[in-house]
Amino acid sequence: MSRLLLLDGHSLAYRAFYALPVENFSTTTGQSTNAVYGFTSMLINVLRDEAPTHVAVAFDRSRQTFRTQEYAEYKAGRASTPGEFVGQVDLIKQVLDALRITHVEVDGYEADDIIATLTAQARAEGLEVVILSGDRDAFQLVDERTLLLYPVRGVSETWRLTPEKIEEKYLVRPERYSDLAAMVGESSDNLPGVPGVGPKTAAKWLAQFGDLTGIVGAADQLKGKAGQALRDHLDQVLRNRRLNQLVGDVPLPVGVADLQARGWDREEVHRVFDGLEFRVLRERLFATLESAETEAEEGIEVAGSLLGPGELASWLGEHAGPGERLALVVQASPRTAAGAGEATGLGLAGAEHAAYLSLDRADVDDERALRDWLADPACPKVLHDAKGQTASLETVGLPVEGVVSDTALAAYLVRPDQRSYDLADLALRYLHRELRLDEGTDDGGDDGQLALGWDDGEQEQADEVDAAAGRAAMVHARAVHDLSVTLDEELSDEPEQHLLRDVELPLVGVLRRMEQAGIAVDLPMLEALEGEFAAAMAQAQQDAWDALGDDTVNLGSPKQLQVVLFETLGLPKTRRTKTGYTTDADALAGLYAQTEHPFLEALLRHRDKARLRVTAEGLVKSVADDGRIHTTYQQTIAATGRLSSTEPNLQNIPIRTEEGRRIREIFVVGRDASTGTGYESLMSADYSQIEMRIMAHLSGDEGLIEAFRTGEDLHRFVGSRVFGVQPEEVTLEMRSKVKAMSYGLAYGLSAFGLSKQLTISTGEAKQLMEEYFERFGGVRDYLRDVVAEARRSGFTETILGRRRHLPDLLSDNRQRREMAERMALNAPIQGSAADIIKVAMLRTERALREQGLASRMLLQVHDELVLEIAPGEREQVETLLRAEMGGAADLSVPLDVSVGVGRSWHEAAH
DNA sequence: GCGCAGACGTA
DNA sequence: CGTACGTCTGCGCG
């Protein structure tokens, strides 16, 4: 089916110009580009969504048209064209030329007339038509085969106006809309309406008399004031109608056949986009155009062999020479609390061939060949989720060396804020292939097997379960192999290759060993603690019920609490949430301060104890058979580059309150699972104020750097500068204000947010920030520049070159844009800290090994490492940690590490 | 059984 | 109207 896409160039450019803040869109030469950006963005979206076969863009040539000749006031009263808009239309035409999209303009006519003419031609030739225009005059063109996309709210959302939609929203069918508009008026065209006649009256008349001609003929019958008004303004209405009628037979230099989409000029697109400094948009454009060029998604084909007993060695000999990269996919039994499941089968795929080996069917020769190949660092392997996959092999005594890529990690480095790195998702995203097994028709599995090109002889021997499993494993391995090639190209920058090769990949093994080690738990103490919290919770619940005189309310239900607080007790309303009023701890504490109602005290206490109980209970459930808790570290979740910890999350164990800290007492020193040797203590080492140090380094601010070099208390130092007093004269209040602000700045804190947090006026907060920036101007400049640079490039970067793309920096939606700006402020700081501790972990593990130490790393909590210390190694490990953590990055300020030791995590804290 | 919202723990 | 996470509970959906 052929489909013609028509755009109204001027109306879209204007809309974009007013939707996008012009100050965020200019080239280094000072040319404004917001209209070009918005227009191009809309164009890309519509090309992607509508997949037209023919395209044209119509422009107005000048304001002099047959309409201004009839009515000099037509479109008068419009503000003169802003200076920043001038020139952008020509730039839009350059973009169109690069894309080989025809643009048309004709003296004496408006863009809408050209669109009407082309629409008429296209319909006559049997094409579907899609019009993208912000001008209501285009409504009259809509019919069953002509769709209007009408931009609403900025440049990212459009209404799809069909005849039904127009009737629903504007009360008349599209062919009568111009009649209605003639009576109601159109302010943007400076066409006045009949006083007292709105859309409802006009629609009613149209329903009654059919069309405007009918209404005019029956004008005498129209009742009331509105009827009289129409009679008084008949000439004006008829003139409006002549003016808003689009011309469907403009003499055009092109016909529909000339508009067929042609190949775009890749080099010219690069040249034009370079000039415009559009980076993000270029990527979006290429992605859209290239995926349009790709054929419809298909499954993955693979030629492979099901290996029978004794056949692995020769297959590897033929296809897995040193230097030949093989993808490896491990099938395994389900994982257990203590760790990974057991590997049961392997899919292998090189550039050409694939194979499957069932470990159950493998003989001694196969096992030896497999073990040698897996353990050989010279035989390069690529995996998807190497940590989980290699853990399953480790479980059956097969260590893996020579992992040169992990497709999940590579995809994460390319785009760290995707929600999934499933193999199937990546295959679709990067290979345009469905990772779905082609099951063929219903006549059994033979079709699928033939599609895979299995060797017929082996097929006879394989049982059906193995055959299906083998087929899946080979298809997956083929996907992993092809993905690793594609993602390698995506990660061609040297810093990103370094991140993958020298940081993320080696970290996989470190994390796997930390997970396998787990941390010992004092289970009796934990269970006692859980009981204690449960009792305190029950008491708090009873107290709350007593205060209320009602023992049916569920204190854990915010919904029920809202009824109690704001209806039963009639307390003042709190901050709004989506569904009502918040009952969070801050708000409850505020209410308590106002009212001192005993229910509130008991409720807050209940929340507290319930939380502690649930935390303790969760930990009890997580203790594995070996008496230890084994968390799982996620390496591809946090968009900034941090790790995250799940099942259980050991990165959010309480520490701030006295009672919460008691939970840290149950994490204790333990014994080695295999040797049974006891360890001596736990050691905790953390970076002090690492994010502020990174801020000092990245901003190069002299004052902040000096603060860290002198080794003085940071917040006291900053406080003395901000408040203009001697360091020893900085009061605790001054110190805490400055501390809140210093940290807040790295998160994009506003004066409003600061005032809220410190319970001071917005004015005071503003004053405080100004004083701060006065003294630490480097910080102000840095924060400003980092966002501007991200806006230009489309991404932020950490000290190791880890990127985070933030396309929303150019959004027309203020909320989204400002959110992206805060992310852009924070990502380099939080992400650089993540880089540094990852490097520190690699250095620490290597140093422990090189020095022959038995102590081991157990936990990472963003700026802290927890280690289990073997007898007699305490001093050496402490020295080692200070050196390896402190030397993990070369910043313009020192990286201070503070270390503590004890029998529990609590005692090791310092 | 599943997904969402609200609440809250950490850095 | 301050970033980054994970988990639990209640609740409405089907």
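First the proteins, then the strands, lettered A, B, ... as listed; each starts at 1.
For C/dT3, one of the phosphate oxygens OP1 or OP2 lies less than 4.0 angstrom from a side-chain nitrogen or oxygen of A/Arg822. For C/dC11, one of the phosphate oxygens OP1 or OP2 lies less than 4.0 angstrom from a side-chain nitrogen or oxygen of A/Ser557. The phosphate of C/dG6 (OP1 or OP2) has a side-chain N or O of A/Ser644 nearer than 4.0 angstrom. Side-chain N/O atoms of A/Ser750 include one lying less than 4.0 angstrom from OP1 or OP2 on C/dG2.
The CG atom of A/Asn554 sits 13 Å away from the C1' atom of C/dC8 (whole-angstrom rounding). Rounding to whole angstrom units, CG of residue A/Leu561 and C1' of C/dT9 are separated by 12 Å. Rounding to whole angstrom units, CG of residue A/Leu745 and P of C/dT3 are separated by 14 Å. Taking atom CD of residue A/Glu818 and atom P of nucleotide C/dG2, one finds them 10 Å apart after rounding to whole Å. Distance, A/Glu821 CD to C/dG2 P: 13 Å, rounded to whole Å. With rounding to whole Å, A/Arg419 atom CZ is found 14 Å from B/dG3 atom C1'. What separates CZ of A/Arg613 from P of C/dT9 is a distance of 7 Å, to the nearest Å. What separates NE2 of A/His606 from P of C/dT9 is a distance of 12 Å, to the nearest Å.
Taking atom P in both C/dC1 and B/dA5, the straight-line distance is 16 Å, to the nearest Å.
Counting heavy atoms of neighbouring residues, nucleotides and ligands inside a 6.0 Å radius, atom CZ of A/Arg780 exceeds 12 of them. Atom CD of A/Glu23 has more than 12 heavy atoms from other residues, nucleotides or ligands within 6.0 Å.
A/Gly744 comes within contact range of at least one nucleobase, with a heavy-atom separation under 4.0 Å. If you check every strand for non-hydrogen atoms under 4.0 Å, A/Gln815 touches nothing. In this structure, A/Ala639 reaches the sugar-phosphate backbone alone: every heavy-atom distance under 4.0 Å involves primed, P, OP1 or OP2 atoms, never a base. Residue-level contact check: A/Leu825 touches neither bases nor backbone, having no heavy atom under 4.0 Å from any strand. Counting any heavy atom pair closer than 4.0 Å across all strands shown, A/Met819 reaches sugar-phosphate atoms only and no base atom.
On a pure distance criterion of 3.5 Å, no polar donor-acceptor pair joins the side chain of A/Gln560 and the base of C/dG10.
Side-chain atoms of A/Phe795 and A/Val280, non-hydrogen and from C-beta on, never get closer than 4.5 Å to each other. A/Leu810 places none of its side-chain heavy atoms less than 4.5 Å from the side chain of A/Arg817. The side-chain heavy atoms of A/Glu764 and A/Leu768, taken from C-beta on, include no pair separated by under 4.5 Å.
A cation-pi arrangement, defined by a distance under 6.0 Å to the six-membered ring centre and an angle within 45 degrees of its axis, is present between A/Arg576 and A/Tyr581. In this structure, A/Lys609 is not positioned above the aromatic face of A/Phe533 in the sense of NZ or CZ being under 6.0 Å from the six-membered ring centre and within 45° of the axis.
Sorted pairs that involve residues 553-571 of chain A and meet side chain to side chain donor-acceptor pair (under 3.5 Å), not counting sequence neighbours, are lacking altogether.
The line from CZ of A/Arg628 to OG1 of A/Thr631 is 13.5 Å long, rounded to the nearest 0.5 Å.
Residue A/Val614 places its side chain closer to C/dT9 than to any other of C/dT9, C/dG2, C/dT7.
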Can you give one letter per nucleotide of nucleotides 5-11 of chain B, going 5' to 3': B for a protein heavy atom under 4.0 Å from the base, S for sugar-phosphate only, - for none? SSSBBBB

Every protein N/O within reach of nucleotides 12-14 of chain C N/O, cut-off under 3.5 Å:
residue, atom, partner, partner atom, Å
C/dG12, OP1, A/Lys559, NZ, 2.8

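Results of the side chain to side chain donor-acceptor pair (under 3.5 Å) test with A/Arg804 over A/Asp417, A/Thr796, A/Thr640 single out A/Asp417 as the only residue that passes.
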